[in-house]
Number of protein chains: 2
Amino acid sequence: MTISVATAPRQQRPSANGTRDRILDAALDLFADRSYEGATTREIAARAGVTQPLLNYHFHSKDELWTSAVDRLFSQFNQALGARRDGLHGVDDLSIAKLMIREFIYFSAAHPQLHRIITQECKADNTRMDWLVQTHVRPLYDTTVSLFSQLVARGEVPAIAPTNLYYILTGAGATMFVLAPECRRLSGIDPMDPRAIEAHADAVVEILFGPSAGTRANRTAPKQSRGAVTSSAKGDS
Amino acid sequence: MTISVATAPRQQRPSANGTRDRILDAALDLFADRSYEGATTREIAARAGVTQPLLNYHFHSKDELWTSAVDRLFSQFNQALGARRDGLHGVDDLSIAKLMIREFIYFSAAHPQLHRIITQECKADNTRMDWLVQTHVRPLYDTTVSLFSQLVARGEVPAIAPTNLYYILTGAGATMFVLAPECRRLSGIDPMDPRAIEAHADAVVEILFGPSAGTRANRTAPKQSRGAVTSSAKGDS
DNA sequence: TTTCATTCTATTCATTTGATTAGGTATTGA
DNA sequence: TCAATACCTAATCAAATGAATAGAATGAAA
């Protein structure tokens, strides 16, 4: 009824979107590499190609910048898992579990920052960790535990407590990518190579579900979710 | 200077040894928790109960303090592995592998700093990581790969490439303890509880070597290597 | 005792850090 | 056109950080 006196907030400039995302990209990389305290706002700004005060313009503080970057990362992760799950109808739980594990491994390879950031914030008396666990990790854990509990109950997976299974799965799946620089030096293998990712997914699934479980029959093409997920990068005519 | 009579260098004061080790303890904890850049020398000093300039007296720089703390940690780790291995004569390789894995898990539970520090330093263009890999991780990796290659060749372990096996093993074994604060909140389980440690060792061994491989038959009493192992990494004479 | 190296603290310094301020530019809507 | 607003930079601040300096306390050796 009331006439639109409340003029809609002025549109964001097109350039701003790109900048915001570049800042979030740089922030996520540096937070994951150097930890929250170790990553300086100046270095983040430099990597994003902007000046340091701009970070405090788009985000009120370093803390909010961290939160925004982590939010976006988990959003991408849940989107990847959800997209995979949506493509499955009438598939048995065992196959679903295998495919979800593979999707987790693909994402961990493309975005090792996820596991790195969890690890770095995982220390006593850390408010960022409280937020991280409650907001993002908890639902993931609950879903995983619920799925595996059913499989264990049916004997399709070794009878191991769900929590142990959760950390065995996440640790086995993500560690090689989290420690990619080390892996390259130790073995000469580049874990980020698509074939190496596929081989690792095979290995983890085979170890968890027994031999011949990790063969190509259960594979799915890694979704190549590497690059910018954001709808930015619209062609600037 | 003249012949200097080679008077044996004056003995260290008794109190100094204790102080040095307290500093190393505090440094290791804080480096593992907050990363190299995030851990401040003042906070380390405070936790050790000394003033900050004392760190630069015992160690020339923050970097040398980090190196000394990591050196001592790996020395303790190798000592634990070696002590376990020395107690085994005429034992088959498969059993040795299981016991070494258990020892790794026990140590990871008592000293999650080891995996945490490796993870934190694992980033491109990092001289600390170069030193860490070459000095401490490389021999560990080579030994592990060599042992597992034999087991795989004999079909006693799933046919998985050694590098993948290495990261599956370390990730599955250490992650729950590295993420202990998270685990406590998610599951209510305290991973540092001795029974929880034992259960996790059982789980990892069972997953790697098949069912009934992780039963009590293959267990060894966790060496309770919690406290100060230090015959402290020999002060440079 | 005296000597003297070892151990430790108080003070200080030059940088770096996150954040703020003031100002400048450009796009939008009327 | 012309204000209003979104976007971005230069300059700066107070607090912190690693390191250096000077010097006190301690105890072993002469």
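Proteins come first, then strands; the chains are lettered A, B, ... in the order of their sequence lines, and each starts at number 1. Predicted model, so just to flag it, every value in this text is computed and none were measured. The figures here come from the full heavy-atom set of this structure, side chains too, leaving out hydrogens, waters and symmetry mates.
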Not counting sequence neighbours, which residues clear salt bridge (Lys or Arg N to Asp or Glu O under 4.0 Å) with A:Asp142? List them please. A:Arg138
In chain order, what residues pass the salt bridge (Lys or Arg N to Asp or Glu O under 4.0 Å) check against B:Arg184, with sequence neighbours excluded? B:Asp190
For D:dC8, take OP1 and OP2 only and decide whether either is under 4.0 Å from a side-chain N or O of A:His58. yes
Side chain to side chain contact (heavy atoms under 4.5 Å, CB included) partners for B:Ser108, two or more places apart: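 With sequence neighbours excluded, B:Ser108 shows a side chain to side chain contact (heavy atoms under 4.5 Å, CB included) to B:Phe104, B:Ala174, B:Phe177, given in chain and number order.
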For atom [atom1] of [X] and atom [atom2] of [N], their distance in whole Å:
X	N	atom1	atom2	result
B:Ile23	C:dC8	CD1	C1'	10 Å
B:Ile44	D:dA16	CD1	C1'	15 Å
B:Arg34	D:dT17	CZ	C1'	15 Å

Output every pair passing side-chain hydrogen bond (donor to acceptor under 3.5 Å, both in side chains) with a member in residues 161-173 of chain B, not counting sequence neighbours, ordered by first then second residue.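 Residue pairs passing side-chain hydrogen bond (donor to acceptor under 3.5 Å, both in side chains), neighbours aside: A:Glu182-B:Tyr167, A:His200-B:Asn164, B:Tyr141-B:Thr163.
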Residues at least two apart in sequence or cross-chain that pass side-chain hydrogen bond (donor to acceptor under 3.5 Å, both in side chains) with A:Glu43, listed by chain then number, are A:Arg34
Residues at least two apart in sequence or cross-chain that pass side-chain hydrogen bond (donor to acceptor under 3.5 Å, both in side chains) with A:Thr135, listed by chain then number, are A:Trp131
Whether the side chain of A:Lys123 engages the backbone of A:Met129 through a donor-acceptor N/O pair (distance < 3.5 Å, no angle test) should be reported.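 No, the answer is negative, given that no donor and acceptor are paired below the 3.5 Å cut-off.
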Inter-axis angle, terminal five-pair segments of the helix from C:dT1-D:dA30 to C:dA30-D:dT1 [nearest 10°]: 0°
Residue pairs fulfilling salt bridge (Lys or Arg N to Asp or Glu O under 4.0 Å) with at least one residue in residues 163-175 of chain B, sequence neighbours excluded: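 Those involving residues 163-175 of chain B do not exist here.
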Which letters describe nucleotides 9-22 of chain C, given B = protein heavy atom under 4.0 Å from base, S = only from sugar-phosphate, - = neither? BBBB----BBBB--
